[in-house]
Visitor: 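Here it is, the structure, as structure tokens.
Fair warning: this is a prediction, and the values are worked out from it, not measured in the lab.
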Amino acid sequence: MTSRNKRNLTLAAKWACYFLLLLVAATLQTTPGFLTIGQVRPIFILPLCLAVAMVEGEYPGAFFGAVGGLLWDFTAGRPGGLLALELLFICFGAAILVELYLRLNAMNFVLVSGLCALVVTGVDFLFFYAMPGYEGAAARYFELVLPMVVFTAALSPASLWAAGRVYRRFPPAE
């Protein structure tokens, strides 16, 4: 096999592994009762998209974030687009933040993942609860949204570990 074909096959295998991880994350996120504490469930797609963006770089990470956002829109039963755009911009910004200012380690990833989860769930809360004027929206924010952010941030190192394993298994071509 030529070097070019081998490089293309390795690249395809790496992104297939990332996509399989994304499907596993979507399955875990939509499985009823999986890791549920009360009514609070963690988000698995967002930390995985952030982890891939941080290990792969801003442009591949932004594309993967958009794909993850579309999958999240689809599994949540919403019109496609809002989460895809959010994850595209968030993954792009997080990858640049890590590339320029932060060292990629578990603690920094937990902080960035928690902050990004706060932004995504905050925008979701704003558009789907606060703006329509639902009764008890503030209570829902403090009882469900903020604990979901903490739960997501606490479980996010598993996503970084999985994305790091795939990245190390398929090293970039020289």
Visitor: Please confirm whether the backbone N or O of Ile45 pairs with a side-chain atom of Gln29, one donor and one acceptor, at under 3.5 Å?
Guide: yes
Visitor: Shared ILVMFWY cluster between Leu126 and Leu82, side chains joined below 4.5 angstrom?
Guide: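 In one cluster: yes.
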Visitor: Would you check if Ser156 and Phe109 make a side-chain contact, meaning some heavy-atom pair closer than 4.5 Å?
Guide: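 Side-chain contact under 4.5 Å: yes.
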Visitor: Considering all heavy atoms of both residues, which atom of Leu50 and which atom of Ser113 are nearest to each other, and what is their separation?
Guide: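 Smallest interatomic distance, heavy atoms only, reads CD1-CA, 3.8 Å.
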Visitor: Determine, using the 4.5 Å side-chain heavy-atom cutoff (strictly less than), whether Phe74 and Phe19 are members of one ILVMFWY cluster.
Guide: no
Visitor: Side chains of Glu99 and Leu104, heavy atoms from C-beta outward: is any pair under 4.5 Å?
Guide: no
Visitor: Given side chains that start at C-beta, do those of Trp15 and Glu56 come closer than 4.5 Å, heavy atoms only?
Guide: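 Trp15 vs Glu56: side chains touch.
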Visitor: Return the OG1 to NZ distance between Thr10 and Lys14, rounded to the nearest 0.5 Å.
Guide: 9.0 Å
Visitor: Taking atom CZ of Arg78 and atom CG of Leu70, what is their separation to the nearest 0.5 Å?
Guide: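 Going from CZ on Arg78 over to CG on Leu70, the span is 13.5 Å.
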Visitor: Tell me whether Leu87 shares a hydrophobic cluster with Leu23, the cluster being built from Ile, Leu, Val, Met, Phe, Trp, Tyr side chains joined at under 4.5 Å.
Guide: yes
Visitor: So which atom in Cys116 and which in Ile90 form the shortest heavy-atom distance, rounded to 0.1 Å?
Guide: SG-CG2, 3.4 Å
Visitor: Answer yes if Val112 and Leu100 sit in the same cluster of Ile, Leu, Val, Met, Phe, Trp and Tyr residues linked by side chain heavy atoms under 4.5 Å apart, and no otherwise.
Guide: yes
Visitor: Hey, what do you get for OH (Tyr101) to CG (Asn108), rounding to the nearest 0.5 Å?
Guide: 14.5 Å
Visitor: Answer whether the closest heavy-atom distance between the side chains of Cys49 and Leu22 falls below 4.5 Å.
Guide: yes
Visitor: Aromatic ring centroids of Phe92 and Tyr59 under 6.0 Å?
Guide: yes
Visitor: Consider side-chain contact (heavy atoms from CB on, under 4.5 Å). Of Leu71, Thr75, Leu46, Val120, which one does Leu83 pass it with?
Guide: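 Between Leu83 and the candidates, side-chain contact (heavy atoms from CB on, under 4.5 Å) is satisfied uniquely by Val120.
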Visitor: Mind listing the closest non-hydrogen atom pair of Ala53 and Cys91 along with its distance?
Guide: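 Nearest pair, atom of Ala53 first, then Cys91: CB-O, 3.6 Å.
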Visitor: Give, for atom CZ of Arg165 and atom CG of Leu21, the distance between the pair rounded to the nearest 0.5 Å.
Guide: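 So the gap between those two atoms works out to 11.0 Å.
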Visitor: Please name the pair of heavy atoms, one in Val149 and one in Gly114, separated by the smallest distance, quoted to 0.1 Å.
Guide: CG1-O, 3.4 Å
Visitor: Return yes if some donor-acceptor pair links the side-chain N/O of Arg41 with the main-chain N/O of Thr31 below 3.5 Å, else return no.
Guide: yes
Visitor: Could you give the distance from CZ (Phe151) to CD1 (Ile37), rounded to the nearest 0.5 Å?
Guide: 4.0 Å
Visitor: If you take all heavy atoms of Phe170 and Ala13, which pair is closest and at what distance?
Guide: CE2-CB, 3.7 Å
Visitor: Answer whether the closest heavy-atom distance between the side chains of Tyr18 and Leu48 falls below 4.5 Å.
Guide: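 In short, these two side chains do not touch, never coming nearer than 4.5 Å.
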Visitor: If you count every heavy atom of other residues, nucleotides or ligands that lies below 6.0 Å from Phe125 atom CZ, does the total exceed 12?
Guide: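 Yes, enclosed.
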Visitor: Does Phe63 have more than 12 heavy atoms from other residues, nucleotides or ligands lying within 6.0 Å of its CZ?
Guide: no
Visitor: When you measure from the side chain of Thr152 to the backbone N and O of Pro42, does any donor-acceptor pair fall under 3.5 Å?
Guide: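 Checking the backbone N and O of Pro42 against the side chain of Thr152, no donor-acceptor pair under 3.5 Å is found.
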Visitor: For Thr121 and Leu118, work out which heavy atoms get closest and say how close.
Guide: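 Scanning both residues, the minimum pair turns out to be OG1-O, 3.4 Å.
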Visitor: Could you see if Leu144 belongs to whatever hydrophobic cluster contains Phe44? Use Ile, Leu, Val, Met, Phe, Trp, Tyr and a side-chain cutoff under 4.5 Å.
Guide: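 Leu144 clusters together with Phe44.
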